[in-house]
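Here's the structure, in C-alpha cells; my notes come after.
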Amino acid sequence: MRIVKLVTVLSICSLFCLSLTSCNKKKKDALAPKEDPPTIVDVLIAKSESVSSTIEANGSIVANEYVELRPEVSGRIVYLNVPEGTTVNQGTIIAKINDADLQAQLNKTKVQLEIAQKTEQRLAKLVAINAVNQADYDVALNQVNSLKADMAYTQVLIEKTVLKAPFTGVVGLRQISQGAYVSPTTVIATMQQLSKLKVDFTLPEEYAAFVQKGTTVEVEVEGQKNNRCKAVVFAREPQVNLTTRNLTIRALLNGCPANPGTFTKVYVNAGKSQHGIMIPTNAIIPDDRNNQVILVKEGKAAFVNVQTGTRTANNVEITQGISEGDSVVVTGVLFAKPDAILKVRKATKR
C-alpha cells in the first residue's frame with residue numbers, strides 16, 4: 001500500500017511539473033517578438049535609355065497688334081461704326097464725337113482771318129511808300145499769323161473728335177451705344193490683328209542660354225494636345241524679373257490656329273539627347289535634404305540617396321545613386337521600412 005501511494009504521489013508531481021513547464025513555454029512564446037510579414041512590392045529593373053533634354057514652360061497666345069479703342073476728347077458720340085467680330089481696314093472711321101462748338105470756333109476764326117489779311121495787305125502797300133510806320137504793319141502781320149495758328153489748333157481738336165482704326169484688324173465687342181457721353185477713359189471696343197500670332201512664355205534665368213533669337217520652340221495649345229506648332233523666338237525681355245527670377249520670351253507662331261489669350265505649353269530643346277536611367281516620379285521619396293528611392297537588396301529594403309535630372313510628365317531621370325540592373329520599388333513605397341523584408345510581386349523592365 002505504501003508503494004502504491006508513493007507511485008501515486010510521484011505521478012501527481014510529474015504531471016504538475018509538466019504542466020508548469022508547458023505554461024512557462026507558452027508565456028515565453030507570448031512574450032517573444034513576432035516578425036512582421038513581408039511587404040509586397042512591385043519593382044522596376046533600372047536600365048539606361050535615351051533621354052531628351054526638353055524644358056517645359058507655360059505661355060499665352062498674343063495677337064500681333066492689340067489696342068483698346070478710346071476717344072481722345074470728351075463729348076457725345078454722334079456716329080458709331082463698330083462691326084463686331086469683323087475685319088476693318090486701317091483708317092476706317094470707328095466713331096465721331098459732336099464737334100459743333102469746334103466747327104463754330106473755326107468759322108469765327110476764318111472770318112477774323114479774312115479781315116486781318118485785308119488789313120495787312122493795305123498796310124503793306126502803305127508801308128512801301130512810307131505812309132505808315134513799320135510797327136503798325138508788324139502788328140497787323142502778327143495778327144494774321146496768330147489767327148492762322150488758332151485755326152490750326154482748332155483743326156487739330158476737330159480731328160481728335162474722329163476715332164479711326166489704327167491698323168487692319170478684327171474689332172471686338174461694342175461696349176457703348178451711339179449718343180453716349182464718353183471720355184478718354186471710355187473703352188469703345190478692342191481691336192486685334194490676327195494675321196500673325198505670337199506666344200509669350202517665361203523660363204528660369206538658368207535656361208537663358210538655350211533661348212536665343214532665331215531659336216525654334218514647340219507650342220502645344222490648350223485643347224490641341226496632339227498638335228504641336230512651331231514658333232521662332234524673335235525677342236526677349238533683357239531684364240530678369242526680380243520677383244520670380246524668370247525671363248520673358250516672345251516667339252512668332254507659324255500657322256497655329258488659336259485665339260489670343262489661350263494657355264499654351266512651350267517646349268524648349270535644352271541640348272542633344274543623352275542616355276540615363278528613368279524611373280516613375282512616384283518612386284521618389286522627397287526628403288529635407290535629399291531625394292531617396294528604395295532598392296531591393298538581398299530581399300530587404302535599402303534606402304539610397306539619388307540625384308535627379310530631366311523630368312517629364314510621369315518620369316524623372318536619375319543621374320546618381322542607381323546603377324543598371326538595380327531593382328527599384330515603384331509600388332508599396334509608403335509601406336516599406338529600412339531593412340524590412342520585401343516580397344516582389346512583379347518585376348518589369350522599361
ask   = Crowded around F263 CZ? As in, over 12 foreign heavy atoms under 6.0 Å?
value = yes

ask   = Do I284 and V316 pass the side chain to side chain contact (heavy atoms under 4.5 Å, CB included) test, and can you show the C-alpha distance, the side-chain angles, and the key distance before you say yes or no?
value = CA-CA 9 Å; I284 299 290; V316 60; 3.9 Å; yes

task = Identify the heavy atoms of A165 and M191 that sit nearest to each other, and give their distance.
result = CB-CE, 3.7 Å

key: K96 NZ: over 12 foreign heavy atoms closer than 6.0 Å   = yes

key: Where I322 and A46 come nearest, the two heavy atoms and their spacing   = CG2-CB, 3.7 Å

Shortest non-hydrogen separation from A189 to V82 and the atoms involved = CB-CG1, 4.0 Å

query = Are the side chain of D326 and the backbone N or O of V328 linked by a donor-acceptor pair below 3.5 Å?
reply = no

message = Please determine whether side chain to side chain contact (heavy atoms under 4.5 Å, CB included) holds for the pair K196 and L252, giving the CA-CA distance in whole Å, both sets of side-chain angles, and the decisive distance to 0.1 Å.
response = CA-CA 8 Å; K196 293 181 181 179; L252 184 63; 4.2 Å; yes

For A301 against K337, the heavy-atom pair lying closest together = CB-O, 3.3 Å

inquiry  = Quick one, Q103 with N107, criterion side chain to side chain donor-acceptor pair (under 3.5 Å). Give me CA distance, side-chain angles, the key distance, then yes/no.
reply    = CA-CA 6 Å; Q103 292 290 352; N107 292 332; 5.4 Å; no

key: Pairs involving residues 199-217, ordered by first then second residue, that meet salt bridge (charged side-chain N to carboxylate O under 4.0 Å, His left out) (sequence neighbours left out)   = D200-R250

inquiry  = Would the distance check show the side chain of N241 and the main-chain N or O of N246 forming a donor-acceptor pair, the cut-off being under 3.5 Å?
reply    = no

message = One pair to check against side chain to side chain contact (heavy atoms under 4.5 Å, CB included): K265 and F201. What are the steps and the verdict?
response = CA-CA 9 Å; K265 288 285 187 180; F201 61 98; over 6 Å; no

ask   = Going hydrophobic residue to hydrophobic residue with side-chain gaps under 4.5 angstrom, can you get from L102 over to V73?
value = no

key: Any side-chain heavy-atom pair of I285 and F303 under 4.5 Å   = yes

Over 12 foreign heavy atoms within 6.0 Å of CD, Q134 = yes

ask   = Do L106 and L113 belong to the same hydrophobic cluster, where Ile, Leu, Val, Met, Phe, Trp and Tyr are linked whenever their side-chain heavy atoms lie under 4.5 Å apart, directly or via other members?
value = yes

ask   = Does a side chain donor of either Q105 or D101 reach within less than 3.5 Å of an acceptor in the other side chain?
value = no

message = Within the 4.5 Å heavy-atom criterion, are V182 and I97 side-chain neighbours or not?
response = yes

request  = Give a yes or no on whether the backbone of V240 and the side-chain of R245 come within a donor-acceptor separation of less than 3.5 Å.
outcome  = no

ask   = Between the main-chain N or O of T202 and the side-chain N or O of T248, is there a donor-acceptor pair closer than 3.5 Å?
value = no

ask   = Where do V88 and T168 land on the side chain to side chain contact (heavy atoms under 4.5 Å, CB included) test, with the steps shown first?
value = CA-CA 6 Å; V88 297; T168 300; over 6 Å; no

Side-chain donor/acceptor of E218 to backbone N/O of C229, under 3.5 Å = no

note = Between the CD atom in E84 and the CG atom in L173, the distance rounded to the nearest 0.5 Å is 5.5 Å

query = Should V211 and Y207 be counted in the same cluster of Ile, Leu, Val, Met, Phe, Trp and Tyr side chains packed under 4.5 Å apart?
reply = yes

request  = Would you mind checking if K300 and E298 are paired as a salt bridge, meaning a charged N to carboxylate O distance below 4.0 Å?
outcome  = no

request  = Please check if I277 and L44 belong to a single hydrophobic cluster, counting links between Ile, Leu, Val, Met, Phe, Trp and Tyr side chain heavy atoms closer than 4.5 Å.
outcome  = yes

request  = Write down the atom of S60, the atom of T264, and the distance for their closest heavy-atom approach.
outcome  = N-OG1, 3.7 Å

request  = Please name the residue in the list K125, E120, R122 that meets the side-chain hydrogen bond (donor to acceptor under 3.5 Å, both in side chains) test with Y137.
outcome  = E120

query = CZ of F335: more than 12 outside heavy atoms within 6.0 angstrom?
reply = no

ask   = Judged by atom type as modelled, is there a donor-acceptor pair below 3.5 Å linking the side chain of R76 to the main-chain atoms of N98?
value = no

